[in-house]
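Letters A, B, ... are given to chains in the order of the sequence lines, protein chains preceding strands, and every chain is numbered from 1.
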Amino acid sequence: MGSSILSIIYLIGSVTFILGLKMLSKPDTARKGNLVAAAGMSLAILGTIFLYRVNDAPLHNYGWIFTGLVIGGVIGVLSAKKVKMTAMPEMVSMFNGMGGACAALISIVEFDHLIKLIKNLYAPVSDDHLALQLLESSASKGMVIIILLSLIIGAVSCAGSIVAWGKLTGKVKDFSFNGQHFLNMGVLALIVGLSVWLVCIFGISPGTGLIVFYVVFLLALFYGVLFVLPIGGADMPVVISLLNSFTGVAAACGGFLYSNPVMLTGGILVGSAGTILTILMCKAMNRSLKNVLIGSFGGGAAGAAASG
Amino acid sequence: MEYILTFLHQHIDLIYIVILSVFLGIEVISRVPSVLHTPLMSGANAIHGVVIIGAIIVMGKAEADNYPALIIGFLAVILGTINVVGGFVVTDRMLEMFKGKKK
């Protein structure tokens, strides 16, 4: 009964996200659209807290969950109310970074969980959905890929958003050096290589797997910083929008992890809409996305001219 | 290679949702006036805060003595809530300003 109500709630949540985005893209319905999406989100969160079942057992640790919700809610409302109108974009960037961090933290816990299950594979299996999937170890590799994707994208988005926030508030200066593109590409290649290696070895040697996992996490944070650092301050809104769609994809990976449709639709919608929005914003500034991202050295002067 | 195929097969319904949502997201946004770019970005930012649901599930199924999971999950719940609540409130304030300007 509870879980069927929950799936209806998730359906309603997904529909409100679509409607909300649709209404947000028209001037006269925009404000209502935001409220519709917020209502859907609240419903989905409350539904998850009270109706979500892990193998017929309700969730526990309610004290922790509600304390977290209250602390986060108070900080969120206060910082959003206090911020000056001109400082909105950096606030959005900061919130985006927190969403990315949330996705990365979730994948850290889930990976740890998975490693523990592998270590006790022959001990009595705990009653968990991941344990059942572990019985087919091929499927658990798919899980690891999803966890890694969520970790990498979330960490890049988090670190990148914080740098973008620093740039908009003037705390971080534009910084570029010769061969930066090669360093970026090298770090990215290293992240991909280590991830592939991790997927291959994690079932055989969970201990090494755990270390590689944290190395990938740190490298992804580092890559996020490198990614945003050379981009000019005038292009920051475009970059924030791009990182926003990254976080959407990370949230969607979470949806895969828990087979949760509302996380999946919400995340992918933001991922695709955010990408299109990024391209539209570039067009509005008469620049191409490639120009903003890759032509950052030549673009510095043009960006300064555009802002000045 | 085989495990990728197995994974795709097991989650084929989710993959359909992903593909349809990608096109839907593109369609929904494609004709937005440029004044609404920033509010829309902010609204989308709030919507991807749906990742909070994952954080709640992580917290809710952590064993009571598994402190690393509890602490990380607790942090994730706080960060996710800030993302959701702050995101919607900031968007509302932006649109409020926008409406005032129009009048």
Are the side chain of Ser93(A) and the backbone of Ser161(A) linked by a donor-acceptor contact shorter than 3.5 Å?
yes

Side chain / backbone / both / neither for Ile145(A) at chain B, heavy atoms under 4.5 Å
side chain

I want to check something: taking the side chain as every heavy atom from C-beta on, are Leu11(A) and Val262(A) in contact at a cut-off of under 4.5 Å?
no

Structural part of Leu70(B) lying under 4.5 Å from a heavy atom of chain A:
both

Using a cut-off of under 4.5 Å for heavy-atom pairs, which of Asn34(A), Thr265(A), Leu24(A) has the most such pairs with chain B?
Asn34(A)

Which atoms of Asn66(B) approach chain A - backbone, side chain, both or neither, heavy atom under 4.5 Å:
side chain

Decide yes or no for Leu35(A) and Phe88(B): does some side-chain heavy atom of the first lie under 4.5 Å from some side-chain heavy atom of the second?
no

Which of the residues Ser241(A), Ala284(A), Gly254(A) is involved in the greatest number of heavy-atom pairs with chain B at under 4.5 angstrom?
Ser241(A)

Between Ile15(B), Val18(B), Ile17(B), Ile52(B), the one whose heavy-atom pairs under 4.5 Å with chain A are most numerous
Val18(B)

Below 4.5 Å, heavy-atom pairs only: which of Val85(B), Asn45(B), Ile78(B) has the largest tally toward chain A?
Asn45(B)

Quick check: do Val89(B) and Lys81(A) have side-chain heavy atoms less than 4.5 Å from each other?
yes

Please flag which part of Lys32(A) lies under 4.5 Å from any non-hydrogen atom of chain B: side chain, backbone, both or neither.
neither

Is there side-chain contact between Ile53(B) and Tyr258(A), with heavy atoms separated by less than 4.5 Å?
no

Using a 4.5 Å cut-off on heavy atoms from C-beta on, say whether the side chain of Leu269(A) contacts that of Ile47(B).
no

Grab the two heavy atoms, one from Ile240(A) and one from Met41(B), that are nearest each other, plus how far apart they are.
CG2-CE, 3.9 Å

Which bit of Ala69(B) is near chain A, if near means a heavy-atom gap under 4.5 Å: side chain, backbone, both or neither?
both

Non-hydrogen atoms of chain B under 4.5 Å away: do they reach the side chain of Ile65(A), the backbone, both or neither?
both

Using a cut-off of under 4.5 Å for heavy-atom pairs, which of Val84(B), Ile57(B), Leu24(B) has the most such pairs with chain A?
Ile57(B)

Chain B interface, residue from Ser272(A), Ala44(A), Ala104(A), Ala251(A) that has the most non-hydrogen pairs under 4.5 Å
Ser272(A)

Minimum side-chain heavy-atom gap Pro89(A)-Met236(A) below 4.5 Å
no

Verdict with reasoning, Ser42(B) to Met94(B), per side-chain contact (heavy atoms from CB on, under 4.5 Å)
CA-CA 9 Å; Ser42(B) 178; Met94(B) 275 184 199; 3.9 Å; yes

If you count heavy-atom pairs under 4.5 Å with chain B, which of Met91(A), His60(A), Lys283(A), Met98(A) comes out on top?
His60(A)

For Glu110(A), is there an ion pair with Lys61(B) - N to carboxylate O distance below 4.0 angstrom?
yes

Ranking Gly86(B), Ala55(B), Gly49(B) by heavy-atom pairs under 4.5 Å to chain A gives rank one to Gly86(B)

Quick check on the interface: out of Gly274(A), Gly72(A), Ala252(A), who has the most heavy-atom pairs with chain B under 4.5 Å?
Gly72(A)

Please state whether the side chain, the backbone, both or neither of Val74(A) comes within less than 4.5 Å of a heavy atom of chain B.
neither

Can you say whether Tyr10(A) sits under 4.5 Å from chain B via the side chain, the backbone, both, or neither, judging by heavy atoms?
side chain

State, with a plain yes or no, whether a side-chain heavy atom of Ile49(A) is found less than 4.5 Å away from one of Leu69(A).
yes

Ser150(A) versus chain B, heavy atoms under 4.5 Å apart: side chain, backbone, both or neither?
neither

Would you indicate whether the side-chain heavy atoms of Phe256(A) and Leu264(A) approach each other to under 4.5 Å?
yes

May I ask you to decide if Asn96(A)'s main-chain N or O and Asn83(B)'s side chain share a donor-acceptor pair within less than 3.5 Å?
no

Identify which part of Met263(A) has an atom lying under 4.5 Å from any heavy atom of chain B, answering side chain, backbone, both or neither.
both

I need the Phe111(A) CZ to Leu257(A) CG distance, nearest 0.5 Å.
12.0 Å

By a 4.5 Å heavy-atom criterion (distance strictly below it), what part of Asn260(A) contacts chain B: side chain, backbone, both, or neither?
side chain

Look at the rings of Phe66(A) and Phe50(A) and say which category their plane angle falls in: under 30° parallel, 30 to 60° tilted, over 60° perpendicular.
tilted

Which one, Val50(B), Val58(B), Val35(B), leads in non-hydrogen pairs under 4.5 Å with chain A?
Val50(B)

Any idea which of Asp13(B), Thr38(B), Leu20(B), Val22(B) has the most non-hydrogen atom pairs under 4.5 angstrom with chain A?
Val22(B)

Interface moiety of Leu36(B) toward chain A, non-hydrogen atoms closer than 4.5 Å
side chain

Heavy-atom pairs under 4.5 Å with chain B are the metric here; pick the option from Asn244(A), Val109(A), Leu59(A) that has the most.
Asn244(A)

Contacting moiety of Met41(A), where chain B heavy atoms sit under 4.5 Å:
side chain

